[in-house]
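Not measured: the values here are computed from a predicted model. So you know, we letter chains A, B, ... as the sequences are listed, proteins then strands, and number each from 1.
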Protein chains: 2
Amino acid sequence: MIRVSIENLDKHIGEEVKISGWLYNKRSSGKIRFLVVRDGSGLLQSVIVKGNVTDSVFDLFDTITQESSLSVFGKIKKEERAPGGFEMEVTNVEIIHLAKEYPITPKEHGVEFLMDHRHLWLRSSRQHAVLRVRHQIIKAIREFFDNRGFVLMDAPIFTPAACEGTSTLFETDYFDLGKAYLTQSGQLYGEAGAMAHGKVYVFGPTFRAEKSKTRRHLTEFWMVEPEVAFNDLNDNMELAEEFLEHIVLSVLKHRQPELKILERNTKFLETVKKPLPKITYDEAIEILKKKGIAFEWGNDLGGTDETVISEQFDRPVIVHRYPAQVKAFYMKRDPQNPKLALAMDVLAPEGYGEIIGGSQREDDYDTLINRLDEHKLPHAPFEWYLDLRRYGSVPHAGFGLGIERTVGWICGLDHVRETIPFPRMIYRLNP
Amino acid sequence: MIRVSIENLDKHIGEEVKISGWLYNKRSSGKIRFLVVRDGSGLLQSVIVKGNVTDSVFDLFDTITQESSLSVFGKIKKEERAPGGFEMEVTNVEIIHLAKEYPITPKEHGVEFLMDHRHLWLRSSRQHAVLRVRHQIIKAIREFFDNRGFVLMDAPIFTPAACEGTSTLFETDYFDLGKAYLTQSGQLYGEAGAMAHGKVYVFGPTFRAEKSKTRRHLTEFWMVEPEVAFNDLNDNMELAEEFLEHIVLSVLKHRQPELKILERNTKFLETVKKPLPKITYDEAIEILKKKGIAFEWGNDLGGTDETVISEQFDRPVIVHRYPAQVKAFYMKRDPQNPKLALAMDVLAPEGYGEIIGGSQREDDYDTLINRLDEHKLPHAPFEWYLDLRRYGSVPHAGFGLGIERTVGWICGLDHVRETIPFPRMIYRLNP
């Protein structure tokens with residue numbers, strides 16, 4: 001008898017099939033026994049009727065424990081009321097492995113307990129749904145760039161010379177070359193890639209040794225960073241809008257069952273369409289002032305400020321033209337007002353905060369040298385980066401999107417720790 | 001005038017367009033000047049005829065240096081003899097930035113010089129082609145798994161407790177939790193994922209602090225690792241065959257121009273079709289003996305052995321059932337002969353060596369405990385992994401494919417250092 005996946009059952013109605021998986025739960029009602037089986041692709045209600053199976057198979061029902069592995073055999077029929085929409089009339093059950101008492105039960109568990117059992121917690125329907133949405137988001141991201149002629153540019157994880165202080169960098173001994181530092185962003189390498197391929201995206205894990213213990217911080221997180229030659233700040237904002245629209249549409253199109261499991265109100269996702277609202281930093285602090293929040297021009301927006309601003313909108317909002325003093329050395333200044341950097345952040349709605357940060361880059365050699373000096377940065381580690389301004393410099397721009405924050409927002413989660421299979425935080429390196 | 005990409009010129013024949021990019025090279029012939037422009041998506045020959053442009057534009061030809069950034073304007077026509085198949089009749093040229101004397105010239109440079117200038121070397125046509133093939137391979141890999149219902153499972157980079165000795169592990173301080181080690185493989189985490197999602201793939205960078213200075217070693221390299229619940233060794237070999245066929249076909253279909261630039265003889269790629277030849281370890285050492293190579297049963301195959309074996313085949317060859325003593329603790333033993341592990345390696349032809357390593361995993365709790373003891377490994381760091389055998393253990397199998405070795409093989413390169421944008425090796429951490 002052929003083994004099929006639960007997700008493909010619609011092609012096997014009326015057929016006898018074999019499903020292999022794990023016991024999700026069981027219940028009995030008179031002479032009928034129900035085994036709900038999960039195989040990773042979905043849930044199947046299999047129905048054991050006394051007389052349809054041997055007595056020894058019928059009696060297995062009492063023995064079998066949660067998360068035991070098993071195969072069920074029988075005919076598939078449509079059943080609207082069953083989870084997944086199908087039901088199996090069981091003719092045989094084979095137990096593969098009888099599970100010991102499963103530590104995760106329907107009762108409430110503390111977060112630390114669940115995180116200690118993350119390798120098992122992944123099997124729960126909510127965690128299962130989150131990781132399928134994560135996969136969809138990552139797939140949509142790659143699709144978006146691949147379909148527009150961007151070239152994938154894997155940036156190095158090991159980087160030489162810590163430039164902006166080592167306090168938030170993880171370091172490791174690197175043979176006879178001293179220390180290597182784990183990347184915080186592939187952007188500078190992406191810029192070199194854009195000069196070779198025109199349009200590139202960097203996509204990989206990044207690391208921050210921050211002692212932050214908030215619901216938005218991981219020490220290890222994934223980031224995608226497009227970089228485009230000849231793009232200016234406006235092109236960059238437009239790219240970000242189209243990008244977010246594509247990601248959200250893809251999840252809405254392909255992951256409705258998962259969003260339902262997560263009880264996600266998709267009202268706040270269906271609004272994500274180009275054009276998104278765009279406000280300047282100055283307009284953003286006007287909003288804060290109207291809300292009675294004291295805010296001095298020239299400061300960076302904090303997490304709480306971002307929450308207040310984003311709550312004024314029913315979709316992501318782009319804030320642009322920040323004070324140059326709070327932004328990185330490589331950002332180009334606004335020719336209309338050199339106190340401003342041609343920077344942009346995208347704040348997700350419902351208080352999810354910054355999911356994108358980007359800018360047009362400084363492309364003039366002399367100006368960039370001055371910026372390094374103003375930021376008290378040495379020239380030597382940036383010589384290769386300065387080469388990009390020595391040999392055919394062009395206007396260019398890019399941004400970075402944090403995967404875990406984006407998954408958290410789209411799934412409507414309280415904490416980023418559930419957005420990645422094995423999260424790493426200041427107090428968490430296990431399992 | 002609209003700016004278009006060179007790769008889209010076939011949609012603009014007879015139109016006046018703007019192309020922005022960099023000067024790849026120039027030459028003159030009588031009253032005609034040729035500027036070959038690259039924009040990252042391709043090369044365009046643009047033709048300046050005296051009289052068709054102003055004198056000052058005509059005179060720009062003498063000024064403009066290699067890799068200067070510029071825009072050329074003019075009408076596009078088909079021209080079979082030109083690189084890319086199109087030509088522009090130039091009406092105007094605008095210089096964006098005049099490059100200083102470009103360090104990479106058509107003359108021969110040493111490898112160290114080129115590696116020191118990797119950020120610029122990426123612009124050369126061979127390096128450009130390699131990275132486009134790399135992108136295609138990665139795209140094909142994700143397509144393959146996504147289309148078969150595999151779920152992406154990003155494994156952690158930071159792992160606790162060094163289990164098999166720290167000599168080849170990079171380590172970093174991790175707050176109050178002691179040391180964290182950079183992952184060498186996401187497999188164990190992939191196994192947890194397979195128990196939750198049925199079929200998963202891990203895809204990310206992995207790290208090895210090996211003091212090897214060979215043409216096959218990087219300290220930082222990317223690996224994709226599928227893991228499938230209910231698969232045995234045969235299923236695993238079949239998956240690997242179909243996987244390699246899909247990757248190679250995708251490159252042959254979409255990257256012919258790049259393979260041509262690389263002067264790759266595709267004869268050795270067109271043979272990559274299921275079924276691939278499969279030989280046991282015992283048969284492999286018979287081959288070595290026939291070639292006069294002394295080899296004792298029970299040793300692992302070395303790089304040279306692999307080269308000799310793979311040279312006997314015109315396509316990748318699968319070697320299976322290795323002596324258990326040279327393989328990892330988690331590999332299941334062959335029930336027909338417990339001295340053998342249900343392991344498999346795929347060796348690429350033309351001497352490229354191992355590109356895939358995999359196995360069926362030990363799924364019995366007691367046996368796995370014995371294996372840990374035989375390998376003198378502590379139990380504590382593996383408690384979570386043992387849980388997968390406590391709670392619904394099932395047969396399962398998987399493998400890992402090294403991206404850089406695969407790119408090297410498909411592109412026909414001598415050294416893996418050209419297969420990744422910014423390679424990291426024992427003596428190389430820059431740029």
> Is it the backbone or the side chain of B:R134 that comes under 4.5 Å from a heavy atom of chain A, or both, or neither?
Replying inline: side chain

> Relative to chain B, which segment of A:F150 carries a heavy atom at a distance below 4.5 Å: side chain, backbone, both, or neither?
Replying inline: backbone

> Where on A:L429 is there a heavy atom nearer than 4.5 Å to chain B: the side chain, the backbone, both, or neither?
Replying inline: both

> Distance-only, no hydrogens or angles: does the A:T172 side chain make a donor-acceptor pair with backbone N or O of B:E171 under 3.5 Å?
Replying inline: yes

> Going by distance alone, is a donor N or O of one side chain under 3.5 Å from an acceptor N or O of the other, for A:Y174 and B:T219?
Replying inline: yes

> Is there side-chain contact between A:R142 and B:K139, with heavy atoms separated by less than 4.5 Å?
Replying inline: no

>> What part of A:D363 gets within 4.5 angstrom of chain B, counting heavy atoms only: side chain, backbone, both, or neither?
In response: neither

> Among A:E191, A:Q127, A:Q136, A:R389, which residue forms the greatest number of heavy-atom pairs with chain B at distances under 4.5 Å?
Replying inline: A:R389

> Hey, which of A:F207, A:Y427, A:F158 has the most heavy atom pairs under 4.5 Å with chain B?
Replying inline: A:F158

> Rounded to the nearest 0.5 Å, how far does NZ of A:K211 lie from CG of B:D176?
Replying inline: 7.0 Å

>> Quick one: does any side-chain atom of A:W22 pair with a main-chain N or O of B:G392 as donor and acceptor, under 3.5 Å?
In response: yes

> For chain B, which of A:A209, A:S124, A:G204 has the most heavy-atom pairs under 4.5 Å?
Replying inline: A:A209

> Of the non-hydrogen atoms in A:W222 and B:F203, which two are nearest, and what is the gap between them?
Replying inline: CH2-O, 3.5 Å

> Rounded to the nearest 0.5 Å, what separation is found between the CG atom of A:L152 and the CG atom of B:L131?
Replying inline: 9.0 Å

> Using non-hydrogen atoms only, which part of B:E143 is less than 4.5 Å away from chain A: side chain, backbone, both, or neither?
Replying inline: neither

> Non-hydrogen atoms of chain B under 4.5 Å away: do they reach the side chain of A:K100, the backbone, both or neither?
Replying inline: both

> Most heavy-atom pairs under 4.5 angstrom with chain A, which of B:V151, B:D116, B:L23, B:L98?
Replying inline: B:V151

> What residues form a side chain to side chain donor-acceptor pair (under 3.5 Å) with A:Y102, not counting sequence neighbours?
Replying inline: none

> Got B:I138 and A:D154 here, is their nearest side-chain heavy-atom distance under 4.5 Å?
Replying inline: yes

>> Can you classify the ring geometry of A:F170 versus B:F175 as parallel (below 30°), tilted (30 to 60°) or perpendicular (above 60°)?
In response: perpendicular

> Does any N or O in the side chain of B:R424 come within less than 3.5 Å of the main-chain N or O of A:P156, such that one atom is a donor and the other an acceptor?
Replying inline: no

>> For the CG atom of A:L182 and the CD atom of B:E220, what is their distance to the nearest 0.5 Å?
In response: 9.0 Å

>> So, using side chain to side chain contact (heavy atoms under 4.5 Å, CB included) as the criterion, who are the partners of A:S41 when residues are at least two apart?
In response: A:S5, A:I6, A:E7, A:D39

> Any donor and acceptor pair, going by atom type alone, linking the side chain of A:R390 with main-chain N or O of B:A99 inside 3.5 Å?
Replying inline: no

> A:P205 versus chain B, heavy atoms under 4.5 Å apart: side chain, backbone, both or neither?
Replying inline: side chain

>> When you compare the side chains of A:D146 and B:H135, does any donor N or O come within less than 3.5 Å of an acceptor on the partner?
In response: yes

>> Quick check on B:S20 against chain A: is it the side chain, the backbone, both or neither that has a heavy atom closer than 4.5 Å?
In response: both

> What's the spacing between A:L120 CG and B:D387 CG if we round to 0.5 Å?
Replying inline: 5.0 Å

> Of all of B:M195, B:R38, B:R3, which one pairs up most often with chain A through heavy atoms under 4.5 Å apart?
Replying inline: B:M195

>> How close do B:I96 and A:P395 get, counting heavy atoms only, and between which atoms?
In response: CG2-CD, 4.3 Å

> chain B heavy atoms under 4.5 Å from A:R428: which part of the residue, side chain, backbone, both or neither?
Replying inline: backbone

>> Quick check on the interface: out of B:G42, B:G21, B:G149, B:G193, who has the most heavy-atom pairs with chain A under 4.5 Å?
In response: B:G21

> Tell me, do A:R123 and B:Y391 make a side-chain contact under 4.5 Å, heavy atoms counted?
Replying inline: yes

> Which residue, B:Y189, B:Y385, B:F382, B:W384, forms the ring pair (Phe, Tyr, Trp, His ring centres under 6.0 Å) with A:H119?
Replying inline: B:W384

> Counting only N and O atoms by type, is there a donor-acceptor contact under 3.5 Å from the side chain of B:S393 to the main-chain atoms of A:H97?
Replying inline: no

